[in-house]
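First the structure, in the form of structure tokens, and then the observations on it.
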Amino acid sequence: MSPVPRRLGASALLVAAALGSVLASPLHAAAAPAQHCVGDVDGSGQECFDTYAQAIDVAQDRVGHTLAEQERALAEQEHTLSASGVGTLAAASSSNVIIGTYFEHGNYGGATFTLYGDNTCQGGDDIEFWFTFPPEWQNIISSAQPWARCSLWLHAGPDGTGDRDGPYRENTPDIGGYMNDRTVSTTLG
């Protein structure tokens, strides 16, 4: 076997060193976790996605209609009920609805968590159900959008306990300093 020329030996050494540094260094950092989640108010079915549009599409699939269709149907039900003078909006609705979206930052920015569930809210001050956010969603909420005529309250403790603020009945780009980045659970009415 003839000796390897010195020049080739040095090149081979450089290639080996480069390959060794690539193998020894960590691979690309893992992709950022999905930031836009949806979940059933009963605590089941939580899924997260890369975009808000994907999350809303899934929420709409879960309830069987778009947000626009939902709001139109609720407005029609309210009109029919007010004309007849009988019943309530919640009693009239038998389908699932998108309840609201909670946002990480003010002005509806950052990550999102959209709740959906059975029936609609009454829209009053009575609490009809509660939801405790998963740990990664606790203490980060800064704005909210209620839908389906829901009134949203924000709580500093789990299961609707602790300090409370609300109700938020309209899109709220800034929930205010009292509950900003302190929300652990929400109650809905």
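Given the structure is predicted, the values throughout are model-derived calculations rather than measurements.
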So, taking the atom named NE2 in H65 and the one named CD in E71, what distance separates them when rounded to the nearest 0.5 Å? 8.5 Å
For the student: nearest non-hydrogen atoms of P158 and V184, plus distance: N-CG1, 3.7 Å
Side chain proximity check, S143 to H105, heavy atoms < 4.5 angstrom: no
Assert yes or no for the condition that the ring centre distance of F113 to F103 is strictly below 6.0 Å. no
So E170 and Y168, side chain to side chain contact (heavy atoms under 4.5 Å, CB included) or not? Walk me through it. CA-CA 6 Å; E170 298 176 5; Y168 301 96; over 6 Å; no
Under 3.5 Å, is there a donor-acceptor pair linking the side chains of T112 and H36? yes
Compare every heavy atom of M179 with every heavy atom of D165, then report the nearest pair and how far apart it is. CB-CG, 3.3 Å
Below 4.5 Å, heavy atoms only, C-beta onward: do L115 and C150 meet side chain to side chain? no
Flag for H155-T187: side-chain donor and acceptor within less than 3.5 Å: yes
Measure the shortest side-chain to side-chain distance between I99 and F129 over non-hydrogen atoms and say whether it is less than 4.5 angstrom. yes
Taking all non-hydrogen atoms of both residues into account, name the closest pair between Y178 and R182 and its distance. O-NH1, 2.8 Å
Are any side-chain N or O atoms of S185 and backbone N or O atoms of G160, one a donor and one an acceptor, separated by less than 3.5 Å? yes
Minimum heavy-atom distance L154-I175, with the two atoms named: CD1-CD1, 3.5 Å
Nearest heavy-atom approach of T66 to Q60 is CA-OE1, 3.3 Å
Donor on one side chain, acceptor on other, T114 and T101, under 3.5 Å: yes
Is there side-chain contact between Y102 and F133, with heavy atoms separated by less than 4.5 Å? yes
Spacing of T183 atom OG1 and I140 atom CD1 [to the nearest 0.5 Å]: 10.0 Å
Taking the side chain as every heavy atom from C-beta outward, state whether R164 and I127 have any pair of such atoms under 4.5 Å apart. yes
For V41 versus F131, what's the shortest heavy-atom pair and its separation? O-CD1, 3.6 Å
Taking the side chain as every heavy atom from C-beta outward, state whether D181 and I141 have any pair of such atoms under 4.5 Å apart. no
Scan side-chain atoms only and decide if D42 and S44 contain a donor-acceptor pair under the 3.5 Å cut-off. yes
Just verifying a value: how many Å separate W137 CH2 and C48 SG, rounded to the nearest 0.5 Å? 8.5 Å
Is any side-chain heavy atom of Q70 less than 4.5 Å from a side-chain heavy atom of I98? yes
